[in-house]
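Have a look at the structure below before the remarks.
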Amino acid sequence: GDLLGLDNLVANTTYLKAQQIDRNELRKRRLSLTLPKLKKTSALQAAEGEMYESLCEQQPIGSKLFQQFLLTSNDQYAAAAEFLDELSKWSFAEDEKREKAKQTILAKFCQSQSTGFLSYFTEEDAETCKDLSDSNFDEVILDQLREATREFLKGRPFSEYLKSQFFYRFLQWKEYERQKITDKYFYEFRTLGKGGFGEVCAVQVKHTGQMYACKKLDKRRLKKKGGERMALVEKQILEKVNSLFIVNLAYAYNSRHHLCLVMDLMTGGDLRFHIYDLGKRGIRMECVVYYTAQITSGLLHLHNMGIVYRDMKPENVLLDGKGQCRLSDLGLAVELSKGTIICQKAGTTGYMAPEVLKQEYYRYSVDWWSLGCSIYEMVAARLPFRDFREKVQNDEVTRRTLEDECKFEHKSFDAPTKDIISRFLKKRVARRFGCQGDDPRSHEFFNSINFHRLEAGLLEAPWVPKPNVVYAKDADEFKDNSDIKDVTFDTKDEKFFREFSTGAVSMQWQKEMIDSGVFDELNSAKSGGQIDPDIDI
Ligand code: ADP
Ligand code: MG
Ligand code: MG
């Protein structure tokens, strides 16, 4: 009644307000925060066997500290760091900015007087670099110079870095990253959705202000329904992927009653909601192309890692606050070890490919079929083989999927859209788009998309969610009264809960430290102060 209405209002208001948290207030709250002190030897042991790529390029804090080391060491190292930086700026720049970035590279790095910088290049590299005139400025040459620079950095600069204070600082961050995570680490806000094993609610990290979504899996329900293995697979896949187009995992921990997956918060609602529940049915074409491009990049990312998603449908695609979308709910995903194929029936009726329905062996092909169905649905607000709200048996949907041709009666279908859908909906895998080593991104449907910029997160969304709207059902609609009884846990269960609770995920956690300003704060005035590059550890 009224009281529930008031509860919902309060829940929404506190949730929206948390997202506009005052940064100075936060800074005050963490004044006493310091990095842990380390024993030199144990710290260096921790680094043993670690690769340049992981330490200096992939991990956000590692890359920052290596950069700082290079810039403060000597002119040659600094020039190498700047060169890589300028190259990446040029590569992602648009039109006029691209021209400016190019001139910077030519002036700074390709003049004969900047020989100090060139000294680590082989003669061949140096020749190439001299060739890099106005008229001869292309991606291939620059790739070669980029590689030569990386090779150089992997040598002496890297081994010097490992002995420097910057690396000691990095190890302090790694130690901090390993802290135990409990539910005291977060504030909890309203429920956003409900799944098979529990609810998903919004949470906020107390000392950084970072908002996340927390998927809480009820331990007793998991055990009763035998869902433990599935939960672990979902967690292990989520922590491995690191993509702009997949909901990334930031923390995995367990509380008294739940196993918790803390992921990117998607405040814009799912695409199903956008197709059917916002008045006008269907999504306008500009957005359909943009979302499909992001979904395609996300699927390619999974496939390149050997993962089949198996649950591609609009309901599983969530929008963030900027209107960018990500794949979520990887509970049905499977990782194929080299060469394996599977024939297990999995997916959602209406989106399953013929080879799944016939229980034949399959691999990545099933995701492209489901993407075809999803594009169709975004445009026409119905499925290719099932009308909206049509009362029809699963058997009949299966029959149509196997036998019928896909029809395009809705007026919004243009020629490129029909073409890409028809190619994804080829019943035979051997004929299907995306399944013969071809790249779906090259289809004319995507003519307006610059994938290079899209995949760097630089292409703005055509539609942005309103900041003061909660794109989810009211929280009390997710209330759950069913109580699970007579479940007790043994030592095997406890062991499983511990195996699941690995705490912070490096990539996301380090990004959080940088984005929230904690990285800069702890690296400057406090906790040992600024790094002095001349003191060895
Ligand atoms: P299940 O695997 O049990 O179906 P989901 O992962 O689909 O659980 O999550 C259930 C619901 O919670 C989703 O339908 C969605 O409404 C909401 N949800 C899930 N993940 C997020 C997220 N990262 N941000 C916002 N809402 C989410
Ligand atoms: Mg779901
Ligand atoms: Mg699931």
Side-chain angles (χ1 to χ4, degrees), residues 11-12 15-16 18-19 186 188-205 210-219 221-222 224-239 241 243-252 258-277 294 298 302 307-334 346-351 370 374 465 469-480 482 505 508 512:
N12 281 351
Y15 163 61
L16 289 170
Q19 294 174 47
F186 306 95
E188 190 175 314
F189 299 95
R190 59 156 288 176
T191 302
L192 300 169
K194 205 169 159 243
F197 294 103
E199 53 196 41
V200 173
C201 59
V203 297
Q204 180 171 44
V205 175
Q210 179 71 48
M211 300 291 299
Y212 287 110
C214 179
K215 182 166 171 172
K216 302 201 289 187
L217 307 165
D218 186 305
K219 287 176 177 174
R221 189 158 303 175
L222 275 178
K224 185 124 191 168
K225 295 198 202 162
E228 293 105 326
R229 236 192 68 82
M230 226 177 95
L232 190 62
V233 169
E234 179 171 10
K235 180 248 166 189
Q236 286 169 340
I237 289 182
L238 276 175
E239 77 186 332
V241 300
S243 161
L244 280 178
F245 309 117
I246 296 161
V247 171
N248 294 303
L249 186 72
Y251 304 89
H258 297 98
L259 297 183
C260 300
L261 294 172
V262 179
M263 313 168 281
D264 294 315
L265 175 65
M266 306 300 284
T267 54
D270 66 64
L271 288 188
R272 187 178 204 292
F273 184 82
H274 286 269
I275 294 171
Y276 297 105
D277 296 333
Q294 297 196 321
L302 289 175
I307 296 164
V308 192
Y309 180 34
R310 299 204 295 183
D311 209 10
M312 178 59 225
K313 55 178 174 178
E315 190 186 324
N316 279 342
V317 181
L318 307 180
L319 292 185
D320 69 10
K322 290 193 211 140
Q324 316 228 348
C325 67
R326 293 177 190 261
L327 306 177
S328 80
D329 197 354
L330 275 79
L332 287 185
V334 282
T348 305
T349 302
Y351 303 90
S370 308
S374 303
V469 172
V470 178
Y471 292 85
K473 285 194 253 177
D474 281 341
D476 60 272
E477 292 185 46
F478 302 113
K479 280 271 176 334
D480 179 25
S482 70
V505 178
Q508 303 313 314
E512 183 187 331

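Whatever order the structure lists ligands and atoms in, that order sets their numbers, starting from 1.
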Which atoms of ligand 1 have any heavy atom of [X] under 4.0 Å away?
X: K194; result: 10 (C), 11 (C), 12 (O)
X: G193; result: 11 (C), 12 (O), 16 (O), 17 (C)
X: A213; result: 22 (C), 23 (N), 24 (N)

Original post:
In this structure, are over 12 heavy atoms from other groups packed under 6.0 Å from K225 atom NZ?
Top reply: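 Counting other residues, nucleotides and ligands, NZ of K225 exceeds 12 neighbours.
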Original post:
Do the side chains of C214 and F189 get nearer than 4.5 Å, heavy atoms only?
Top reply: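 Of all side-chain heavy-atom pairs linking C214 with F189, none is under 4.5 Å.
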**OP:** Check whether any side-chain heavy atom of D329 lies under 4.5 Å from a side-chain heavy atom of E234, and answer yes or no.
**Re:**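 Counting from C-beta outward, D329 and E234 do come under 4.5 Å.
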Subject >> Heavy atom of protein closer than 4.0 angstrom to atom 21 (C) of ligand 1 >> reply: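 Flag for atom 21 (C) of ligand 1 set to true, protein heavy atom closer than 4.0 Å.
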**OP:** Kindly state if atom 24 (N) of ligand 1 has a protein heavy atom within a strict 4.0 Å cut-off, that is, under 4.0 Å?
**Re:**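 Answer yes: something from the protein, a heavy atom, is under 4.0 Å.
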Report the distance from atom [atom1] of [X] to atom [atom2] of [Y], rounding to the nearest 0.5 Å.
X: M312; Y: L327; atom1: CE; atom2: CG; result: 6.0 Å
X: T348; Y: L332; atom1: OG1; atom2: CG; result: 7.0 Å
X: K473; Y: F273; atom1: NZ; atom2: CZ; result: 9.5 Å
X: R326; Y: M263; atom1: CZ; atom2: CE; result: 11.5 Å
X: Q508; Y: L249; atom1: CD; atom2: CG; result: 8.0 Å

Subject >> The single option from N248, L244, I246 passing side-chain contact (heavy atoms from CB on, under 4.5 Å) against D264 >> reply: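 Exactly one candidate clears the test, N248.
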Original post:
Hey, is M266 touching ligand 1 through its side chain, its backbone, both or neither, going by heavy atoms under 4.0 Å?
Top reply: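 Both backbone and side chain.
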**OP:** Could you see which bit of S328 sits under 4.0 Å from ligand 1, with heavy atoms only: side chain, backbone, both or neither?
**Re:**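 For S328, no heavy atom sits under 4.0 Å from ligand 1.
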Who's the nearest protein heavy-atom neighbour of [atom], and how far?
atom: atom 3 (O) of ligand 1; answer: G196 N, 2.7 Å
atom: atom 18 (N) of ligand 1; answer: V200 CG1, 3.8 Å
atom: atom 4 (O) of ligand 1; answer: D329 OD2, 3.2 Å

Original post:
Just checking, any donor-acceptor pair under 3.5 angstrom between side chains of Y212 and E512?
Top reply: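 Yes, side-chain donor-acceptor contact under 3.5 Å.
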**OP:** Confirm or rule out an N/O/S atom of D329, from backbone or side chain, lying less than 2.8 Å from the Mg ion (ligand 2).
**Re:**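 Here the distance criterion (N, O or S atom, under 2.8 Å) is met by D329, so yes.
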**OP:** Assess D270 for proximity to ligand 1: is some non-hydrogen atom of it under 4.0 Å away?
**Re:**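 The answer is no, since D270 has no heavy atom less than 4.0 Å from ligand 1.
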Does any N/O atom on [X] come nearer than 3.5 Å to any N/O atom on ligand 1?
X: K215; result: yes
X: L265; result: no
X: N316; result: no

